[in-house]
Amino acid sequence: MPRRGRAGSSAGGPQGLPGISTTGRRAGTFCVLLIVALAAQATRVQVFQAKELDHNPANQRLTVERYSQPRGNILVGHDTVTGSVPTGGRYDYRRTYTDGPLYAAVTGYSSQTYGNTQLEGTEDDVLSGTDPRLAGWALWDAIARKQNPGGDVYTTIDKAAQQAATKGLGSQKGAVAAIEPATGRILALASTPGYDPGSFAGTSAADQQAWDKLQADTNQPMLNRALRQIYPPGSTFKVVTAGAALAAGTVTDIDAPTGAPYPYVLPGTTTPLVNDTPVCNRPNLSLDTAMIYSCNSVLGYLGVRTGLDGMLSTARDFGFNDAKLDIPFRAARSNFDEKMDESQLALSSIGQFDTAATPLVMAMVAAGVANNGTVMYPQLVDRLTRSDGTAVQVMEPRTYKQALSPAVAAQVQRLMTDVVEKGTGTNAKIRGATVGGKTGTAQQGVDNTGTPYAWFISWARPAGSGEVPPVAVAVVVADSDATDVTGGGLAAPIARSVMQAVLGG
């Protein structure tokens, strides 16, 4: 009889098909896991890491894409100060600049080789057309990776003020920052010596040579001295000290004797704090007299009497010690030490020791006083638009800090006007205008043998106007061949020309 196999003993499957071995099942499972892992990796790269990879410096596709169409423009008023021209090379378009050195401290540069800085950097997404806000159908454009036409950046710069600032500085090493006190709009931002950002915008040998020459220049023409360089502010800082003393009640009447001794010996030392003019060499001068003649002994004494906490608080409210001051690109941190003994505090209160500031922050000091004690956040961009002119974002004024009460600010305003009318700042007088200012001449170098830094901070409004002054200015001349290296002699005339430009005179 034929033998019958036992149920379940056959190695074959239904209909005699061969079965799946354990090894085969394992191989199939492994293949499925590989497919899942591959899908997960592709998702991670294409979705979660897409932005990071897009902006990786090694990704040339992004650079090619950025220069595949004309770049959006940066504007001053209604005038474009940038442009684009076809190259016929790997990158279709190259950046150009109108009056490049005049606006370099504002625009920065956009180079196919060396990247982007300042407004060209912070607003690159708008200018290059990659900002999703430029699209009508943002989600679809993102999926399709469609590049929109570059948008435009409208600055707050006043052309006449910028020209006056740059012309006033001339060949001297220095900087100017001018602000509209009521809004914080930056009206001028100049740094000299300057450079032409169009000279190295491409990839040719000539572009590289221009770049190398700028990098080797010991005068550092690419340094934005208005924002990225800090200097001892000298006696211009006495505006902060006067405000702090009045706010703390150290002084209640600017015309009354302060009780300041002469000579004033730095606490804990045998060293007197010397003055630059014999008029100051008397005891018990008023704050107004001390500001008019810039008396170190009085302001150093008042800084110590006010105390570190009071001085530090007021300095901070004017912008000192802020490491994240963006306009939208970042300014260097201005410094007022948080820990000092009384002798160091006395020196810091007259803008020496470790006290150091950018011209931007000293313009904020002048603007805050002019704006009745309210310091506005400085802003360089007025609005961002699409290529057709429709707005993407309109910037609104923002309050930075209330540095002084209106009553104290009014007293400091009078101190500053007396400096211009009767004191060291007479070179800033403008016919038909009320001008307030403060000079500063800060020593520097080993044993103070270096050329002093000449400072002037000021504000101006039409005579008889009760409105907030339309302009406040800070000027520093860091190196000059002039014989009169003082704030009143060098910096005040530059500030006057900038203020006249804004006032329309």
Side-chain angles (χ1 to χ4, degrees), residues 156 158 161 177-189 227 233 236-251 254 291 306 309-328 331 333-334 336 357-382 394-417 419-420 433-438 457-462 465-474 495 498-499 502-503:
T156 59
D158 180 294
I179 293 175
E180 184 177 66
T183 64
R185 292 164 60 90
I186 296 174
L187 305 177
L189 201 67
L227 294 177
T236 58
F237 190 81
K238 291 171 182 174
V239 172
V240 178
T241 301
L246 287 163
T250 306
V251 176
I254 63 175
M291 289 290 282
T306 300
D309 289 345
M311 288 295 301
L312 181 58
S313 176
T314 302
R316 283 174 174 165
D317 287 347
F318 276 117
F320 282 81
N321 297 353
D322 187 344
K324 296 181 179 180
L325 187 59
D326 298 333
I327 69 162
R333 177 185 181 274
S334 297
F336 189 82
T358 61
L360 176 70
V361 162
M362 292 313 296
M364 290 170 65
V365 171
V369 171
N371 194 32
N372 302 317
T374 302
V375 182
M376 302 300 291
Y377 208 100
Q379 63 179 63
L380 185 58
V381 175
D382 177 68
V394 177
M395 311 308 175
E396 299 293 337
R398 294 183 292 152
T399 298
Y400 180 78
K401 296 282 181 62
Q402 186 70 39
L404 304 172
S405 69
V408 168
Q411 291 175 293
V412 180
Q413 286 176 19
R414 203 199 107 188
L415 293 173
M416 295 179 73
T417 56
V419 168
V420 173
T434 299
V435 180
K438 184 68 191 78
I457 65 172
S458 58
W459 47 264
R461 62 174 167 238
S465 170
E467 302 296 322
V468 173
V471 59
V473 185
V498 175
M499 293 185 292
V502 176
L503 293 175

Validation row: [X], [Y] side chains within 4.5 angstrom (heavy atoms):
| X | Y | result |
| --- | --- | --- |
| Thr306 | Thr241 | no |
| Val369 | Val239 | yes |
| Lys438 | Ser458 | no |
| Thr183 | Met376 | no |
| Ile254 | Leu415 | yes |
| Thr156 | Gln379 | yes |
| Trp459 | Thr417 | yes |

Among Leu227, Thr358, Leu360, the one residue meeting side chain to side chain contact (heavy atoms under 4.5 Å, CB included) with Leu325: Leu360
Working for side-chain contact (heavy atoms from CB on, under 4.5 Å), residues Val471 and Ile179: CA-CA 6 Å; Val471 59; Ile179 293 175; over 6 Å; no
Set of side chain to side chain donor-acceptor pair (under 3.5 Å) partners for Arg316, sequence neighbours left out: Glu338
Listed partners of Thr434 passing side chain to side chain donor-acceptor pair (under 3.5 Å), at least two apart: none
Backbone N/O of Leu246 and side chain of Thr250: donor-acceptor pair under 3.5 Å: no
Side-chain (Thr236) to main-chain (Pro233) donor-acceptor, under 3.5 angstrom: yes
All pairs passing side-chain hydrogen bond (donor to acceptor under 3.5 Å, both in side chains) where residues 317-328 contributes a residue, at least two apart: Asn321-Arg333, Asp322-Tyr400, Asp326-Arg330
Pairing residues for Phe237 by the ring-ring contact (aromatic ring centres under 6.0 Å, His included) criterion, not counting sequence neighbours: Phe320, Phe336
Pairs satisfying salt bridge (charged side-chain N to carboxylate O under 4.0 Å, His left out), at least one member in residues 404-417, at least two apart: Asp255-Arg414, Asp288-Arg414, Arg414-Asp418
Salt bridge (charged side-chain N to carboxylate O under 4.0 Å, His left out) partners of Arg461, counting only residues at least two apart: none
